[in-house]
Amino acid sequence: MQVLLDLIARHKQGHATGVTSICSAHPIVIEASLRQAQRTEQAFVLFEATCNQVNQDGGYTGMTPADFVAFVHGIADRVGFDHARIALGGDHLGPNPWTALTADAAMDKAEVMVGAYVAAGFRKIHLDCSMACAGDPEPLPEAEIVRRAVRLCRAAEAAYANAGGEAPVYVIGTEVPVPGGATEAIEGLAVTTPQAALATIEAHRQAFVEAGLEAAWHRVIASVVQPGVEFDHHNVVDYQPQKARELSHAITAVPGMVFEAHSTDYQTRDGLDALVRDHFAILKVGPGLTFALREALWALDAIEREWIDESQRSHLRDVVLERMRAQPGHWQRYYHGQGHALTIDLQYSLSDRIRYYWPDPVIEQARQRLFDNLRANPPPLPLISQFLPHALHALRNGTASRDPLSLAIAHISAALDDYHHACHHHDH
C-alpha cells in the first residue's frame, strides 16, 4: 500500500505527519469521514475493520471482508468519492474471535480470515496473536505470539500473491488493548517501556527473516504500543508527552517504522497533535465517532420533542433504551450499575456499547422516522443552536444544511477535524 509507505517515509524524514485510522462500520460515520476528506482535500482516507466486526463467519456486523469492501464502496459511490482514495485495514487480525477453540483450530480460522481480508482488497494488516486460546498458558509467551504472527503473515502473503495488486503493509505489536475497548475502570496505565517495544520489533524481525519473509518485513510500517492513552466508561486518560518521551525516542532509530496508538478516542486536539509529533503517527479511533453519532441523534431527538407534534414523534431514544434492555448481550459484561446509573451508562458510557444496536431494525425504523419528521418540518436555527452548536457552525458557513443527516454528519466531522488537524497541520 504505497500511500501508507510514502506517509511513513515522510514522517521518518522529519515531517510530523500522520494518519487517522477510522474503525467503524456505521454508514453515517463512514459517510461523514468521506465528506470530511473531500472538504479537506485529503489524498486518501483509511477505514479499518476488526476481526470481531468482520470475518468469514460474518462477525457481529454480519459482513465478510468482501461485504465490508462493497459496503464502504457503496457509500463512496453515493458521496462521489473515488475508490482509489480509500485505504482499507484489518485490525487485531488473529484468533481472537475463536479463542474458545484450541490454538491450532483458532489459528486455522485466523489464516482463512487473513486470506479473505487480503483477497477482498484490505492492504493494511494488523497481525495480533496476543490472546490465549483454549489450553494455552496465560499470558501467552511472546515467542509464541511472534510464531503465530509469522504464520498469519505467510497466509497474507500467499493471498496477495494470488490476488495481485498492491503489496500489503503490516502492523505488529503485542501491547494492544482488547478489541472493543476496556471492560473495567482503568487503574494505573503503564506506558510501554522502550526496551519492551524494541524487543518486540526485533523478535518479529528475526522470525520474519528466518521464515523467508524478508520482503514482507520491509513492509512492516508500525508496532502497536501503549503511549499512555485509554478511556473507560466515564474517564479519559490524557496523553502526557513527558511520560512517553523515552518510548517516543526509541522508534527513531528503527527504519521504516512508526508507532500505532489505539484507543485515542476522546483525546484533546493538543493531545492528538503531540501523539503524531512523538511518532505515534497512526491514530486509531472508533467508539469516539459513534459516540459523536449518538450525541447527534440524541440532539435530534431533543429537537423533535420541542418541534414535532407528540402524535408524530419517533421517540428514538426511548426505543433504543427499550431494545438495549430487551437484548443485553452487547453490554451486560461491561456495565455493572443498577437503576438510574445503568440508564446513564447505556446511553453515555465512553465505551459506547450502544454502537452495536444501531443496525437493529426497530431502532433503524425509529431513526428513519426521526429524520423523516425533521425533513418534513426543518427545525429553526435557534433549536439547532441549542442542541447541535457544531452543526450550527457548519450550517452558517455553508458546509451543512438543515437536513438531519447533514446535521449529524457535521457533528461527527467536528470530532474528525481534531484528528485531521493532528495529522496534517504540520505540513502547512
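Between I28 atom CD1 and R35 atom CZ the span is 11.5 Å, to the nearest 0.5 Å. The structure places CZ of R277 at 9.5 Å from CG of D270, a figure rounded to the nearest 0.5 Å. Separating the CG atom in L127 from the SG atom in C153 is a distance of 6.0 Å, to the nearest 0.5 Å. Here C423 contributes atom SG and Q42 contributes atom CD; the two are 8.5 Å apart, rounded to the nearest 0.5 Å.
Considering every non-hydrogen atom in both L374 and P379, the closest pair reads O-CD, 3.9 Å. Heavy atoms only, all atoms of each residue included: L388 and A296 are closest at CD2-CA, 3.9 Å. In plain terms, the two heavy atoms of A391 and A410 that are nearest each other are CA-CB, 3.8 Å. Considering all non-hydrogen atoms of both residues, I282 and S21 come closest at CG2-CB, 4.2 Å. Looking at every heavy atom in both residues, A134 comes nearest to A100 through CB-O, 3.4 Å. A pairwise comparison of heavy atoms in R402 and P380 identifies NH1-CA, 3.7 Å as the closest pair.
Looking at V258 and F280, their side chains never come closer than 4.5 Å, going by heavy atoms from C-beta outward. Contact check for R313 versus R305: side-chain heavy atoms found under the 4.5 Å cut-off. With contacts defined as side-chain heavy-atom distances shorter than 4.5 Å, the pair V319/V362 qualifies. At a threshold of 4.5 Å between non-hydrogen side-chain atoms, the residues R39 and S413 count as touching. A 4.5 Å side-chain heavy-atom check between I86 and F44 finds every atom pair outside the cut-off. Between Q267 and V285 there is no side-chain heavy-atom pair separated by less than 4.5 Å. Contact of the M257 side chain with the I201 side chain is registered, since non-hydrogen atoms from C-beta on lie closer than 4.5 Å. Put simply, the side chain of W331 does not reach to within 4.5 Å of the side chain of S351, judged on heavy atoms.
Using modelled atom types, no side-chain atom of E304 and backbone atom of L316 make a donor-acceptor pair closer than 3.5 Å. Checked by atom type and distance alone, the side chain of T264 never pairs as donor or acceptor with a backbone atom of A261 at under 3.5 Å. Using modelled atom types, one side-chain atom of S406 and one backbone atom of S401 make a donor-acceptor pair closer than 3.5 Å. At least one donor-acceptor pair under 3.5 Å links the side chain of Y357 to the backbone N or O of H330. Put simply, the side chain of Y335 gets close to the backbone of R353: a donor and an acceptor are under 3.5 Å apart. Listed for the R369 side chain is a donor-acceptor partner under 3.5 Å among the backbone atoms of Q312. D301 contributes no side-chain N or O that, together with a main-chain N or O of L297, makes up a donor-acceptor pair within less than 3.5 Å. Panel note: side chain H126, backbone H92; a donor-acceptor pair is recorded below 3.5 Å. Looking only at distances, no side-chain donor or acceptor of Q240 sits under 3.5 Å from a matching main-chain atom of Q242. With D265 contributing its side chain and G288 its backbone, the two residues share a donor-acceptor pair below 3.5 Å.
Scanning for ring pair (Phe, Tyr, Trp, His ring centres under 6.0 Å) contacts around H279 gives H11, with sequence neighbours left out. A search for salt bridge (charged side-chain N to carboxylate O under 4.0 Å, His left out) contacts involving R219 returns E157, not counting sequence neighbours. Partners of Y419 under the ring pair (Phe, Tyr, Trp, His ring centres under 6.0 Å) rule, at least two apart in sequence or in another chain, do not exist in this structure. By the salt bridge (charged side-chain N to carboxylate O under 4.0 Å, His left out) test, D403 pairs with R375, sequence neighbours left out. Contacts of F71 classified as ring pair (Phe, Tyr, Trp, His ring centres under 6.0 Å), with partners at least two apart in sequence or in another chain: none. Taking R148 as the reference, D136, E144 meet the salt bridge (charged side-chain N to carboxylate O under 4.0 Å, His left out) condition, with sequence neighbours excluded. Residues passing the salt bridge (charged side-chain N to carboxylate O under 4.0 Å, His left out) test with D278: none are found, sequence neighbours excluded. Among residues two or more places apart in sequence or in another chain, the ring pair (Phe, Tyr, Trp, His ring centres under 6.0 Å) test is passed with H83 by H73.
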Inset, instruction - Please step through side chain to side chain contact (heavy atoms under 4.5 Å, CB included) for the pair M63 and N55, ending with a clear verdict. - result: CA-CA 7 Å; M63 285 189 269; N55 58 50; over 6 Å; no

Inset, instruction - Check the pair V114, F122 against side chain to side chain contact (heavy atoms under 4.5 Å, CB included), reporting the backbone distance first and the verdict last. - result: CA-CA 9 Å; V114 167; F122 289 79; over 6 Å; no

Inset, instruction - Check the pair E230 / S263 against side-chain hydrogen bond (donor to acceptor under 3.5 Å, both in side chains), numbers first and verdict last. - result: CA-CA 5 Å; E230 188 51 277; S263 302; 3.3 Å; yes

Inset, instruction - Could you walk me through whether D104 and T102 pass the side-chain hydrogen bond (donor to acceptor under 3.5 Å, both in side chains) test, one step at a time? - result: CA-CA 6 Å; D104 275 345; T102 63; 6.0 Å; no

Inset, instruction - Carefully, step by step, assess L272 and H421 under the rule side chain to side chain contact (heavy atoms under 4.5 Å, CB included). - result: CA-CA 9 Å; L272 295 170; H421 183 267; over 6 Å; no

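A donor-acceptor pair shorter than 3.5 Å can be found between the side chains of D345 and H234. T200 and E142 are linked by a side-chain donor-acceptor pair at a separation below 3.5 angstrom, with hydrogens and angles left out of the test. D128 and N96 are not linked by any side-chain donor-acceptor pair at a separation below 3.5 angstrom, with hydrogens and angles left out of the test. Judged purely by distance below 3.5 Å, without hydrogens or angles, the side chains of H420 and Q36 never pair a donor atom with an acceptor atom.
With ring centers used as reference points, F47 lies 6.0 Å or more from F68.
Under the salt bridge (Lys or Arg N to Asp or Glu O under 4.0 Å) criterion, the residue pairs touching residues 43-72 are E48-K124, E48-K284, D57-K109, with sequence neighbours excluded. Counting only residues at least two apart or on different chains, the salt bridge (Lys or Arg N to Asp or Glu O under 4.0 Å) pairs with a member in residues 73-87 are E31-R78. Applying the side chain to side chain donor-acceptor pair (under 3.5 Å) definition to pairs two or more places apart or across chains, those involving residues 382-398 are N397-T399. A salt bridge (Lys or Arg N to Asp or Glu O under 4.0 Å) check over residues 322-332, counting only residues at least two apart or in different chains, returns the pairs R323-D360.
Using bins of under 30°, 30° to 60° and over 60° for the plane-to-plane angle, the ring pair H26/W358 lands in the perpendicular bin.
Among V54, L93, L152, T64, the single residue meeting the side chain to side chain contact (heavy atoms under 4.5 Å, CB included) criterion with M113 is L93. The side chain to side chain contact (heavy atoms under 4.5 Å, CB included) test with I22 singles out one residue from L34, L416, I30, and that residue is L416.
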